[in-house]
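Being a predicted model, the structure only gives us computed values, none of them experimental. Quick note on labels: first sequence line is chain A, next is B, and so on, each numbered from 1.
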Protein chains: 2
Amino acid sequence: MARVSSAQRRVELVQAALRVIDRDGVHGATTRAIVAEAHVPLATFHYVFRSRDELIRELIAYVVEQEGRAAEGTLQSATDIRSLLRTGLQAYFDLVVSEPNREQAMFELFHYALRTDELDDLPRLQYERYHRTAADLLAAAARQLEITWSVPLDELARLLVTFTDGLTLAWLADRHDAAAARTMDHAADFIARFANPPTEQINQGAHS
Amino acid sequence: MARVSSAQRRVELVQAALRVIDRDGVHGATTRAIVAEAHVPLATFHYVFRSRDELIRELIAYVVEQEGRAAEGTLQSATDIRSLLRTGLQAYFDLVVSEPNREQAMFELFHYALRTDELDDLPRLQYERYHRTAADLLAAAARQLEITWSVPLDELARLLVTFTDGLTLAWLADRHDAAAARTMDHAADFIARFANPPTEQINQGAHS
DNA sequence: GTCTATAAGGAGATAGAC
DNA sequence: GTCTATCTCCTTATAGAC
């Protein structure tokens, strides 16, 4: 093998581990499975990482950051806030549908970190990042459409993440696309109601 | 050891396994840890269960059913639908706060089942049960206050579960009680808006 | 039905030659 | 820096005596 810097080896192993986790879950991401995926001998693992959990820590930081960046470029354009929100939710959902294992892996990593003493600071950071990303998107949407939000931005951001988490979990359970679409409709309506000045409401009032 | 029926041994082991999972996570629920918790020799495990996953299957059915039953007795009384919903959410949240490991375990079991071939029918059943429980509660609330829902009950039930899941995950991550309370305020407002006849809205319009 | 002993294999981590 | 061989421990599951 060519001699490679330790820093580069770390990145290679993190990315290999991520592929293994997507495929087999956090449980399947043993040091042996990771080095096989990366085509390096087992000893290389412990040459560049002190332990498996040290890799998992770096991996979580990597994917959370990556997911945050991916979300940033998502904002499209629309004439009203409701459709802007609905389109954004759809873009997120399409990503989940196209790569369900990835989102599943994010949840698994979250729960693994919650249960692991050396990693139990990560869940908080993970959700801080989610909430910050959501807040950034909502702020950008407000700028684009020249509206303001009638509740604090971080409160609205937390609501948005609440919706995406709940949406994703239910869809992973039953793969019910139409139900997910209805949930997104309601989520968009709901958050759009906090825009000032208001747009006319749809999906409101008596349906029955 | 006294001779005990196989059926009873199964229940004992499931309950012991549940205690281990609450304490150490699904990952820590090895056959050895379970039999130690139940104070039986290792061979007893495989005398009554064909495999570890067979126990996990029975355990998931057990806890999902148990959680469903627990929710049923939850409905309190109130003069308007918004406070009834808010109180119900608070009751759920208080349960999460008092036993965070239990709710964490439910998520872990869900993701474990999703990743395990022999168990991958369970997540769907788990969410069917959640949705049915939510629908039952919303129907009972409507009867109690003599209102009707302006959207289909199962659609509303799914929204309620979306909220509780998202709420729980964020709280497990950052333990931010006040933010969780605000999320519940919004969730109650949101769902109450689908009641006919409507009650007057609070927390609506310009706060800024 | 209950138990001890053990099979058979996978895990994280390391020693030490090159 | 890289690699083979191995240590030590823990896993699920079973054989077979009582």
Side-chain angles (χ1 to χ4, degrees), chain A residues 1-21 23-60 108-109 111-113 115-120, chain B residues 1-21 23-60 108-109 111-113 115-120:
Chain A
M1 275 302 218
R3 303 210 167 184
V4 173
S5 77
S6 188
Q8 189 180 335
R9 276 278 185 256
R10 288 174 82 96
V11 175
E12 287 174 13
L13 284 170
V14 164
Q15 291 177 344
L18 191 50
R19 289 194 298 275
V20 174
I21 291 176
R23 199 172 56 231
D24 305 322
V26 172
H27 177 73
T30 64
T31 53
R32 289 179 150 82
I34 294 166
V35 297
E37 176 73 26
H39 303 291
V40 298
L42 180 56
T44 299
F45 188 101
H46 289 287
Y47 183 78
V48 295
F49 287 109
R50 224 161 49 78
S51 70
R52 178 175 170 276
D53 281 341
E54 188 179 294
L55 172 134
I56 296 287
R57 169 175 285 276
E58 198 155 304
L59 184 144
I60 290 178
E108 288 177 23
L109 287 164
H111 289 293
Y112 179 80
R115 285 285 187 193
T116 308
D117 287 346
E118 307 89 63
L119 303 178
D120 68 358
Chain B
M1 274 301 215
R3 301 211 169 182
V4 174
S5 77
S6 189
Q8 188 179 336
R9 275 276 186 259
R10 288 175 81 95
V11 175
E12 286 174 16
L13 284 169
V14 164
Q15 291 178 343
L18 191 51
R19 289 195 297 276
V20 174
I21 291 177
R23 198 174 56 230
D24 304 322
V26 173
H27 177 74
T30 63
T31 54
R32 287 179 145 80
I34 294 166
V35 297
E37 176 74 26
H39 302 292
V40 298
L42 181 55
T44 300
F45 188 99
H46 289 285
Y47 183 76
V48 294
F49 286 109
R50 225 162 49 78
S51 70
R52 178 174 171 276
D53 281 341
E54 188 179 293
L55 173 134
I56 296 287
R57 168 175 285 277
E58 197 154 306
L59 184 144
I60 290 177
E108 287 177 26
L109 286 165
H111 288 293
Y112 180 79
R115 285 288 186 189
T116 307
D117 288 344
E118 308 90 62
L119 303 178
D120 67 358

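One finds no salt bridge joining Glu54(B) and Arg57(B) here, because no Lys/Arg side-chain nitrogen approaches an Asp/Glu carboxylate oxygen to under 4.0 Å.
Between the NE2 atom of His39(A) and the P atom of dT2(D) there is a distance of 16 Å, given to the nearest Å. Regarding Phe45(B), its CZ atom lies at a distance of 15 Å from the P atom of dT2(C), rounded to whole Å. Spacing between atom CG of Asp24(B) and atom P of dT11(D) amounts to 11 Å, rounded to whole angstrom units. With rounding to whole Å, Leu13(A) atom CG is found 11 Å from dT2(D) atom P.
Checking side-chain atoms of Arg115(A) against main-chain N and O of Val26(B) turns up no donor-acceptor pair under 3.5 Å. Between the side chain of Arg23(A) and the backbone N or O of Gly28(A) there is no donor-acceptor pair closer than 3.5 Å. Of the possible donor and acceptor atoms, none in the side chain of Arg10(B) sits under 3.5 Å from a partner among the backbone N and O of Phe49(B).
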Show each protein N/O and nucleotides 7-12 of chain C N/O combination with a separation under 3.5 Å, one pair to a line.
{"unit_1": "dA11(C)", "atom_1": "N7", "unit_2": "Arg32(A)", "atom_2": "NH1", "d": "3.4"}
{"unit_1": "dG12(C)", "atom_1": "OP1", "unit_2": "Thr31(A)", "atom_2": "N", "d": "3.3"}
{"unit_1": "dG12(C)", "atom_1": "OP1", "unit_2": "Arg52(A)", "atom_2": "NE", "d": "3.3"}
{"unit_1": "dG12(C)", "atom_1": "OP2", "unit_2": "Thr31(A)", "atom_2": "N", "d": "2.9"}
{"unit_1": "dG12(C)", "atom_1": "OP2", "unit_2": "Thr31(A)", "atom_2": "OG1", "d": "2.5"}
{"unit_1": "dG12(C)", "atom_1": "N7", "unit_2": "Arg32(A)", "atom_2": "NH1", "d": "2.8"}
{"unit_1": "dG12(C)", "atom_1": "O6", "unit_2": "Arg32(A)", "atom_2": "NH2", "d": "3.3"}

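The side chain of Arg50(A) contributes no N or O atom lying less than 4.0 Å from OP1 or OP2 of dA13(C).
Aromatic ring orientation, His111(A) versus His111(B): tilted (interplanar angle from 30° to 60°).
Note on Tyr47(B): a base of the nucleic acid sits closer than 4.0 angstrom, heavy atoms only.
Each of Ala43(A) and Val4(B) has a nearest nucleotide on DNA chain C; the 5'-most of these lies closest to Val4(B).
Atom CG in Leu13(A) sits 11.0 Å away from atom CD in Gln8(A) (nearest 0.5 Å).
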